[in-house]
S.K.: 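Mind looking over this structure? Questions follow.
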Amino acid sequence: MGPGVISACAYGICACDTCGSHCRLRTRRVGACPTCGATVYARKPRSLVRAAALLIAAVILYLPANLLPIMHTATAGSAEDDTIMSGVVALWSGGSWPLAVLVFCASIVVPTLKLVALALLIVTTHRRAHWRLRERTELYRLIEWIGRWSMLDVYVLALLVALVQLDAVATIEPGPGAGAFAAVVVLTVLSARAFDPRLMWDRAGS
Amino acid sequence: MTVVTAPVLLICGDCDALLRGAPSTLLPLRCPRCNDVVRERSSGGLDRALALYFTAIVFFAVVNAFPILSLGLLGESSDATLFGAAQALNARHMSLVALLVGTTTILVPWTELIASVMILVLARRRERPRVYLRLLRIRSTIQPWNMLEIFALGSLVAIVKLGSLARILVGTGFWALWGFLIVSAIAARAYRREDVWNSAVPRLWGPA
């Protein structure tokens with residue numbers, strides 16, 4: 001806890017998620033907003049357990065998402081399966097390296113970083129660590145903001161499948177990895193939303 | 001009327017620090033403890049936000065109506081609209097992924113646009129029917145699931161990926177999509193939750 005800074009919760013005050021008004025808490029955890037009537041929670045309920053459960057589900061699906069093909073391309077003479085990584089390699093060897101870097105970041109760096117960062121945040125918070133609170137809060141903001149960008153590959157796939165439906169010449173079909181990859185993105189976004197960064201400050205302070 | 005400039009209390013959303021700030025002079029404000037933006041700069045008011053949201057609706061209607069990309073190869077051609085992208089996955093037994101794509105690029109953006117306009121219209125008329133609160137909750141809940149800017153980037157990647165295979169044409173929907181993104185980013189900045197509530201609700205505390 002920084003010098004002279006007091007948590008609003010310690011004063012029994014909490015900001016309403018719906019309208020932003022400040023509310024007086026009825027108990028230590030719950031109150032009702034006088035402006036809009038919504039129930040307000042001082043902290044997201046069961047935050048760490050929910051964040052951890054969603055993260056574990058994402059970790060499990062991370063393997064099929066990266067190992068199974070997400071796309072099947074059939075042209076007149078040949079057919080090939082693409083995984084996330086081979087799609088990046090194809091862009092790179094095709095000469096468009098700026099896009100290859102972009103897709104590599106969105107589809108491989110960001111999901112991996114998110115899994116590691118969420119695990120770090122959940123474990124350090126659970127262990128009441130004082131370590132680098134400000135940087136950990138910044139890290140949380142980063143993954144909360146950047147997490148959605150992993151959807152990039154899902155949209156590219158949807159557009160390719162919609163466009164390349166020329167039965168005689170070429171077709172592109174989605175592969176089984178696509179479902180797993182989309183699930184990893186959604187689960188990590190949900191996990192980041194379930195995690196309450198204020199708990200880091202609470203637990204380090206007590 | 002006397003204007004009272006009492007200091008107001010602010011609560012940081014990310015670390016729960018309780019802060020004192022002057023009512024509207026020191027904008028924007030960052031949390032001294034964890035560096036979160038506690039309060040954003042005010043801009044324009046309800047009328048400006050409403051005008052921008054109407055413009056965004058016009059752009060988004062065009063995005064929905066026209067193809068985003070078309071492809072021509074050996075005399076055959078096909079095109080992809082916003083709906084077509086989700087529909088193509090659905091037709092290939094990927095209905096859950098199709099649902100995700102359709103929700104994040106069509107359903108959520110439309111809901112957010114319509115809810116925003118209804119909120120702003122009601123706020124300008126200083127009315128607060130029961131549905132008002134529900135609209136505010138819907139808007140704040142679904143907002144992170146509007147992913148059109150990522151879809152727009154995806155359309156660029158798709159152009160490059162198919163460029164070696166076939167002739168790609170960008171459609172009206174493609175340009176409308178980028179126009180929509182610019183307008184809706186400005187609209188989202190003009191929309192401030194505090195303005196919406198303050199104009200609709202009699203002030204419960206602070207300067208009258």
Side-chain angles (χ1 to χ4, degrees), chain A residues 2 5-11 13-15 17-22 34-38 75 90-91 94 96 99 102-103 133-134 137-138 140-141 148-149 151-166 168-170 173-174 178-179 182 186 189 193 197-198 200-202, chain B residues 9 11-19 32-36 68-71 73-74 76-81 84-89 92-94 96-98 100-101 104-105 133 136-137 140 144 147 150-151 153-158 160-162 164-166 168 193-194 196-197 201 204:
Chain A
V5 180
I6 294 166
S7 157
C9 187
Y11 268 118
I13 309 176
C14 167
D17 282 335
T18 307
C19 70
S21 316
H22 296 176
T35 311
C36 74
T75 47
L91 270 179
S96 44
L99 275 185
L102 177 78
V103 176
L133 276 168
R134 184 173 173 130
T137 313
E138 304 257 16
Y140 173 75
R141 274 199 288 278
R148 329 153 59 237
W149 286 91
M151 281 293 284
L152 183 66
D153 246 351
V154 177
Y155 294 135
V156 173
L157 178 73
L159 280 166
L160 294 189
V161 172
L163 279 172
V164 188
Q165 297 193 29
L166 313 171
V169 195
E173 306 275 338
V186 172
V189 168
R193 284 174 64 81
R198 293 169 295 191
M200 294 192 277
W201 297 87
D202 290 350
Chain B
L9 286 177
I11 301 173
C12 173
D14 275 1
C15 78
D16 210 36
L18 195 57
L19 311 165
R33 186 161 74 163
C34 79
N35 206 29
D36 190 23
I68 290 164
L69 298 176
S70 350
L71 173 149
L73 184 63
L74 300 176
E76 285 194 76
S77 71
S78 62
D79 51 36
T81 56
Q87 173 57 32
L89 288 176
R92 309 294 165 94
H93 313 295
M94 284 266 157
L96 280 178
V97 184
L100 179 67
V101 171
T104 51
T105 60
L133 178 60
L136 282 166
R137 284 203 190 126
S140 64
M147 302 198 180
I150 306 165
F151 183 89
L153 197 60
S155 67
L156 287 181
V157 178
V160 174
K161 279 205 165 193
L162 292 174
S164 57
L165 180 77
I168 301 291
R193 193 167 60 169
E194 293 81 357
V196 167
W197 274 101
V201 187
L204 292 171

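All values below come from the heavy atoms of this structure, side chains included, with hydrogens, waters and symmetry mates left out. In the text below, chain A, chain B and the rest are named by the order of the sequence lines, each starting its count at 1.
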S.K.: Rounded to the nearest 0.5 Å, what's the gap from SG on Cys12(B) to CH2 on Trp201(A)? Could you check?
M.R.: 8.5 Å
S.K.: Could you check which of Gly13(B), Ser78(B), Ala80(B), Cys15(B) has the highest count of heavy-atom pairs closer than 4.5 Å to chain A?
M.R.: Cys15(B)
S.K.: What closest approach, in Å, do Ser96(A) and Val160(B) show between heavy atoms, and which atom pair accounts for it?
M.R.: OG-CG1, 3.3 Å
S.K.: Please classify the contact of Val157(B) with chain A as side chain, backbone, both or neither, using a heavy-atom distance under 4.5 Å.
M.R.: both
S.K.: Under a 4.5 Å heavy-atom cutoff, which of Val186(A), Val154(A), Thr75(A) has the most pairs with chain B?
M.R.: Val186(A)
S.K.: Go through the atoms of Leu162(B) and report whether side chain, backbone, both or neither lie under 4.5 Å from a heavy atom of chain A.
M.R.: side chain
S.K.: Please flag which part of Val161(A) lies under 4.5 Å from any non-hydrogen atom of chain B: side chain, backbone, both or neither.
M.R.: both
S.K.: I'd like to know which of Val156(A), Val164(A), Leu157(A), Leu102(A) tops the heavy-atom pair count under 4.5 Å against chain B.
M.R.: Val156(A)
S.K.: Can you tell me which portion of Pro144(B) sits under 4.5 Å from chain A's heavy atoms? Options are side chain, backbone, both or neither.
M.R.: both
S.K.: Report which part of Leu152(A) has an atom under 4.5 Å of a heavy atom belonging to chain B: side chain, backbone, both, or neither.
M.R.: both
S.K.: Which answer fits Leu163(A), side chain, backbone, both or neither, if we ask what part of it has an atom under 4.5 Å from a heavy atom of chain B?
M.R.: both
S.K.: Heavy-atom pairs under 4.5 Å with chain A are the metric here; pick the option from Ile168(B), Val97(B), Leu156(B) that has the most.
M.R.: Val97(B)
S.K.: With a 4.5 angstrom heavy-atom cut-off, is it the side chain or the backbone of Arg148(A) that approaches chain B, or both, or neither?
M.R.: both
S.K.: Can you tell which part of Met147(B) gets under 4.5 Å to a heavy atom of chain A, answering side chain, backbone, both or neither?
M.R.: both
S.K.: Between Asp79(B), Asn35(B), Val101(B), Ile68(B), who has the most heavy-atom pairs with chain A when the cutoff is under 4.5 Å?
M.R.: Asn35(B)
S.K.: Find the distance between CG (Leu89(B)) and CG (Leu159(A)) and round it off to the nearest 0.5 Å.
M.R.: 9.5 Å
S.K.: Please look at Thr81(B) and chain A and tell me whether the side chain, the backbone, both or neither of the residue comes under 4.5 angstrom of a heavy atom of that chain.
M.R.: neither
S.K.: Can you tell which of Lys161(B), Gln87(B), Arg92(B) has the highest number of heavy-atom pairs within less than 4.5 Å of chain A?
M.R.: Arg92(B)
S.K.: Mind listing the closest non-hydrogen atom pair of Ala166(B) and Leu71(B) along with its distance?
M.R.: CB-CG, 3.9 Å
S.K.: Got a second to check how far Ile11(B)'s CD1 is from Leu18(B)'s CG, nearest 0.5 Å?
M.R.: 6.0 Å
S.K.: Testing the basics here: between Ala162(A) and Ala85(B), what is the closest heavy-atom pair and its distance to 0.1 Å?
M.R.: CB-CA, 4.0 Å
S.K.: Quick one: pull up SG in Cys14(A) and CG in Asp16(B) and give me the separation to the nearest 0.5 Å.
M.R.: 7.0 Å
S.K.: First locate atom CD1 of Ile150(B), then atom OG1 of Thr105(B), and finally report the distance between them rounded to the nearest 0.5 Å.
M.R.: 11.0 Å
S.K.: How many angstroms lie between atom OH of Tyr155(A) and atom OG1 of Thr104(B), to the nearest 0.5 angstrom?
M.R.: 2.5 Å
S.K.: Does the Arg134(A) side chain pair with the main chain of Arg33(B), one donor and one acceptor, at a distance under 3.5 Å?
M.R.: yes
